Amino acid sequence: MSAPLKPQRPGMNSRQASSSSFAEAFDAARIRLGQLSFRDADFEEENSSVSSGSRSSTDSEGPVSAVESLSGTPLSLASPFSTPPSPITPSIDPYVADNFAFAFDIDGVLIRGGRPIPEAIEAMKVLNGENEFGIQVPYIFLTNGGGKFETERCRDLSRQLEIDVSPGQFICGHTPMREFANRYGTVLVVGGEGETCREVAEGYGFRDVVTPGDILKANAATAPFRKLTKSEHDNSRDLLADGGRLSDIVIEAVFVFADSRDWASDLQIMLDIAQSKGGRLETRSETLNEGPPIYFSHNDVLWSSSHEHARLGMGALRRIVETVYEDTSGGRKLRTHAFGKPQVSTFEFATRLLQQWRAAQHGLAESEPPATVYFIGDTPESDIRGTNNMNERDQHTEWYSILVKTGVYQAGTEPKYKPRRLVDTVLDAVNHGIRREMAKLGSRKSTGGRLLPLDDAALKAMAEGRTPNFVTRAGPFSDP
């Protein structure tokens with residue numbers, strides 16, 4: 001018997017105002033710059049040791065994209081994201097950048113150990129218009145984390161960053177899983193605190209959600225070293241309430257929504273299902289390869305927490321599941337599927353969300369994507385790799401990868417997947433992107449004090465991540 005479905009989240013208030021194009025803002029900026037003697041400080045050094053050029057080669061190795069591997073088609077925005085919810089506090093600034101935008105990872109970039117990284121709050125202020133050019137820049141959040149409703153994560157992030165964050169600009173690792181709610185009946189949902197992930201899955205529209213706790217409540221011998229607490233026992237479903245048997249239940253798919261809180265018991269149950277007869281509980285396939293598909297919301301082996309060193313993440317559990325399956329199945333390979341970064345399909349999902357957000361929040365044409373998206377992350381293996389791969393794939397938008405030193409990446413090491421830019425903090429990354437866009441539109445020469453179009457050599461240099469040969473003066477973004 002399925003648990004009762006949770007009510008859908010209420011819609012947000014409708015947008016109250018739209019914004020004009022970046023071109024108007026730049027005209028206003030010309031006047032301001034004439035008084036401020038603008039200097040392109042970011043172009044004085046380009047971290048050439050980590051620059052990989054304008055296009056990073058696509059690495060053919062890596063995790064299987066859940067959507068691409070099953071359907072061969074990119075993710076589509078299902079009903080809750082067909083029209084992104086309007087923000088809590090709509091934009092009313094008249095100047096908004098229409099030709100570039102930002103996308104942010106969260107842990108290790110904006111937040112660490114539940115606390116905001118100090119420069120993150122200032123970076124948000126800059127994007128929201130508190131900059132010398134008086135422009136707002138659209139942005140979204142794309143994190144592999146999860147385990148909560150998007151609305152709850154947005155409330156947390158709003159409080160931490162002292163801004164209003166809308167679900168219409170937020171994607172977490174399991175957000176794309178809502179696409180599968182109508183494909184499967186009974187599913188096993190793994191990970192997270194208490195019953196939260198079950199509630200999220202039911203909110204997505206999954207009709208019959210089973211958790212490892214439900215199975216342990218029905219048969220404690222499934223994981224003999226795992227004892228449910230009284231609270232866990234009371235909150236778990238009684239799968240035998242109607243007089244049936246566990247073997248009457250067929251799991252059609254396994255979804256790991258969030259990091260496991262008990263790796264040993266979750267691993268045991270996932271392996272049992274992978275080696276079952278078509279997902280039927282407490283059965284064993286003669287060939288050990290008749291189990292249902294297994295989906296992970298992301299593939300990060302490490303993530304940045306409050307600890308001094310990066311901690312193991314869901315990607316580590318995925319590798320353990322695959323390795324132990326091989327060891328216990330006579331060398332057979334288990335093909336699991338992953339959402340999240342670095343999957344290109346997840347970045348394509350983010351692209352559509354960004355275009356809808358720009359239209360709903362800022363009044364920009366949804367059919368016209370930004371020329372550049374600056375993606376800021378802390379993990380080379382997911383953030384930078386995924387951004388560079390998306391840059392290879394996208395024919396309309398330049399995806400520009402920026403790596404910060406506040407998370408997983410260890411300063412002084414050579415990242416396997418090289419960013420276009422390496423900076424200390426997210427504030428440095430935001431300033432770099434804005435300066436780069438302003439420099440694209442015009443350069444300030446020491447003679448005449450006029451903003452002139454960039455020549456071909458300067459444009460080529462920027463496209464390759466090199467420093468254009470500018471003569472600059474001190475100004476609002478200069479280094480001290």
Side-chain angles (χ1 to χ4, degrees), residues 1-3 147 174 177 184-202 206-297 312 314 316-330 332-337:
M1 179 181 296
S2 172
H174 51 66
M177 289 181 174
Y184 299 112
T186 301
V187 299
L188 179 75
V189 167
V190 178
E193 296 285 351
E195 296 291 292
T196 302
C197 285
R198 188 206 304 272
E199 295 169 357
V200 173
E202 291 173 344
F206 286 95
R207 299 179 296 278
D208 187 14
V209 179
V210 176
T211 69
D214 300 341
I215 295 174
L216 292 173
K217 181 174 182 176
N219 184 359
T222 300
F225 300 114
R226 171 77 163 96
K227 304 300 181 184
L228 296 178
T229 67
K230 183 179 186 304
S231 175
E232 290 172 334
H233 187 277
D234 292 343
N235 290 326
S236 296
R237 286 175 54 190
D238 186 354
L239 300 179
L240 308 180
D242 295 332
R245 300 172 299 176
L246 279 179
S247 58
D248 295 331
I249 298 172
V250 177
I251 301 296
E252 299 180 21
V254 176
F255 290 92
V256 184
F257 266 60
D259 288 294
S260 168
R261 269 45 176 185
D262 190 273
W263 286 36
S265 59
D266 288 347
L267 170 63
Q268 181 67 70
I269 291 170
M270 293 170 70
L271 285 174
D272 285 344
I273 293 173
Q275 296 175 341
S276 67
K277 292 182 178 180
R280 189 173 295 278
L281 296 181
E282 300 201 324
T283 65
R284 188 73 79 206
S285 165
E286 293 180 0
T287 60
L288 302 177
N289 62 354
E290 300 177 44
I294 300 176
Y295 302 94
F296 291 82
S297 65
L312 292 176
M314 189 182 298
L317 177 62
R318 183 188 183 194
R319 294 188 184 186
I320 292 172
V321 169
E322 293 175 343
T323 299
V324 176
Y325 175 89
E326 183 177 355
D327 290 344
T328 58
S329 300
R332 293 178 176 83
K333 301 290 186 180
L334 179 65
R335 181 182 172 91
T336 63
H337 313 279

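Count residues from 1 along the sequence. Note that the structure is predicted; figures quoted are calculated from it, not measured.
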Margin query: Looking at Arg319, I'd like to know if its CZ atom is crowded, meaning that more than 12 non-hydrogen atoms belonging to other residues, nucleotides or ligands lie closer than 6.0 Å.
Written below: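 Incorrect, the count does not exceed 12.
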Please find the pair of heavy atoms, one from [X] and one from [Y], that lie closest to each other, and give the distance.
X      : Y      : answer
Ser260 : Leu317 : CB-CD2, 3.9 Å
Pro212 : Val190 : CG-CG2, 4.1 Å
Ile294 : Met270 : CG2-CE, 4.0 Å
Leu288 : Thr328 : CD1-O, 3.8 Å
Gly192 : Ala258 : N-CB, 3.7 Å
Leu216 : Arg226 : CD1-CG, 3.6 Å

[atom1] of [X] to [atom2] of [Y]: how many Å apart, nearest 0.5 Å?
X      : Y      : atom1 : atom2 : answer
Ser265 : Asp262 : OG    : CG    : 3.5 Å
Glu193 : Thr196 : CD    : OG1   : 7.0 Å
Leu188 : Glu252 : CG    : CD    : 12.5 Å
Phe296 : His337 : CZ    : NE2   : 10.5 Å
Thr186 : Ile249 : OG1   : CD1   : 7.5 Å
Arg280 : Glu282 : CZ    : CD    : 12.0 Å

When you measure from the side chain of [X] to the backbone N and O of [Y], does any donor-acceptor pair fall under 3.5 Å?
X      : Y      : answer
Asn219 : Ala221 : yes
Thr283 : Lys277 : yes
Asp248 : Arg245 : yes

Margin query: Between the side chains of Lys333 and Glu326, is the shortest nitrogen-to-carboxylate-oxygen separation below 4.0 Å, so that they form an ion pair?
Written below: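 Salt bridge: yes.
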Next item on the list: Go through the steps to decide whether Asp238 and Leu240 satisfy the test side-chain contact (heavy atoms from CB on, under 4.5 Å), and finish with yes or no.
Entry: CA-CA 5 Å; Asp238 186 354; Leu240 308 180; 3.8 Å; yes
Regarding [X] and [Y], do their side chains bring together a donor and an acceptor under 3.5 Å, going by distance alone?
X      : Y      : value
Glu322 : Thr336 : yes
Gln275 : Ser329 : yes
Asp234 : Ser231 : no
Ser285 : Thr287 : yes

Next item on the list: Among Phe257, Phe206, Phe255, find the one that has a ring-ring contact (aromatic ring centres under 6.0 Å, His included) with His174.
Entry: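 Among the candidates, only Phe257 passes.
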Any non-hydrogen side-chain atom of [X] less than 4.5 Å from a side-chain atom of [Y]?
X      : Y      : value
Val187 : Val189 : yes
Val256 : Met314 : yes
Val254 : Pro293 : no
Arg284 : Ser276 : no

Margin query: Please verify the inter-ring angle class for Tyr295 with Tyr184; under 30° counts as parallel, over 60° as perpendicular, anything in between as tilted.
Written below: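 Rings of Tyr295 and Tyr184: tilted, 30 to 60°.
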Item checked: Residue from Val210, Asn235, Asp214 passing side-chain contact (heavy atoms from CB on, under 4.5 Å) with Arg198 ->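 The option that passes is Asp214.
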Check: Run the salt bridge (Lys or Arg N to Asp or Glu O under 4.0 Å) check on Asp208 and Arg237 step by step: do they pass?
Finding: CA-CA 11 Å; Asp208 187 14; Arg237 286 175 54 190; 3.0 Å; yes
Next item on the list: Go through Arg261 and Asp259 one step at a time and tell me if the side-chain contact (heavy atoms from CB on, under 4.5 Å) criterion holds.
Entry: CA-CA 6 Å; Arg261 269 45 176 185; Asp259 288 294; 3.8 Å; yes
